[in-house]
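Here is the structure we will look at, set down as structure tokens.
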Amino acid sequence: MIALEPRSPVSPTIDLDAPGLRHGHLRLPWSRNESAWGNLMIPVTVAVGAPGPTVLVTGGNHGDEYEGPLAILDFALGLDPERLTGRVILLPFFNYPAVKAGARVSPVDGVNLNRCFPGAPDGSITRQIADFVLRALVPKADLVLDFHSGGRTLDFLPFAASHALPDAALDARCAAAAEAFAAPHTVKMLEIDPAGLFDTAVEALGVTFVTTELGGGGGTTAARVAIARRGLRNVLIHGGVLAGEPEPAPSRRLGMPSLDCYAFAQSGGMLEPLVDLGATVRKGETVARVWPLDRTGVAPEIVPAGLDGLLAARHFPGLVQPGDAVAVVAVPED
Ligand code: CA
């Protein structure tokens, strides 16, 4: 039992501190029609080697993003605590009900884990998960790596990212860890919606935080999983817990200087991309058109780029709704 005040209903089935390798669960009481005294059993792996720092790695924060969970599962399988200086805590299915549903948000309570931090010990299930991880696991960590991709509705150029933070020392630590990941792109990310993010909550505790966007569309590719596996290993080496040499890879630095990076659809309809991910775009250039579905002979909505840069993300499905983010432009910094 982990002593938290106020108490959390979540309890790990394994010791998180003793040396060695353990695979177990975070057990969360979940009384429901199918099981009156049931529990949600969220898989967790802990490996503790010689004394040293702790890295917490999470995937499946959104349940329809696959690179992170796949990299974590593979890493957990071959994990040798003898090779660790410190501890890794691996949570491949952070929002477990969402992962099992292949959905962004939890089907249990409809909550988006990455918009509900700090969570609440007496809240709905997703809020209880957020609260436990933030109060019981993050304080043990020197570095947190939270894997994301675009999910079913977005697709990204693969990148690792940190945020611009007011604490210059923390900003530098986060940026260095993102760089260490060695994704094809390293982004200083400007969030459109920072409230309730795991990112913001971890950074507020002064813990080094790295996130990623490694693809999307609700599936993955061999190349994208390879980027995730390399990045995971590189960040663990950078964090001082894993022995070995990092695997370098070319990485282009990108910035997001303002919210003009984001382009939204004003109308709904059929999405016609005019440029693909990675393409260079100019401010005002049409990056996509949205065709109305109710008649022919009507001009499409034009979606322009808000600034010069390259297309870093796009809406994935073929249909859009008014207000959907259609494109994200990031700006090369070298
Ligand atoms: Ca995500």
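Atoms within each ligand, like the ligands themselves, are counted from 1 in listed order. Scope of the values below: all heavy atoms of this structure, side chains included, with no hydrogens, waters or symmetry mates. Positions are given from 1 along the sequence.
Within the 4.5 Å cutoff, no side-chain heavy atoms of Ser251 are placed close to those of Glu179. Taking 4.5 Å as the limit, every side-chain heavy atom of Val48 sits out of range of all side-chain heavy atoms of Asp17.
With respect to the Ca ion (ligand 1), Glu65 has OE2 as its nearest N, O or S atom. In terms of distance to the Ca ion (ligand 1), the nearest N, O or S atom of His148 is named ND1. The Ca ion (ligand 1) is closest to atom ND1 of His62 (considering only N, O or S atoms).
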Begin from the C-alpha positions of Arg224 and Asp155 and carry the test salt bridge (charged side-chain N to carboxylate O under 4.0 Å, His left out) through to its verdict.
CA-CA 12 Å; Arg224 288 167 166 189; Asp155 195 17; 3.1 Å; yes
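By the 4.0 Å N-to-carboxylate-O rule, Asp171 lies close enough to Lys188 to be salt-bridged with it.
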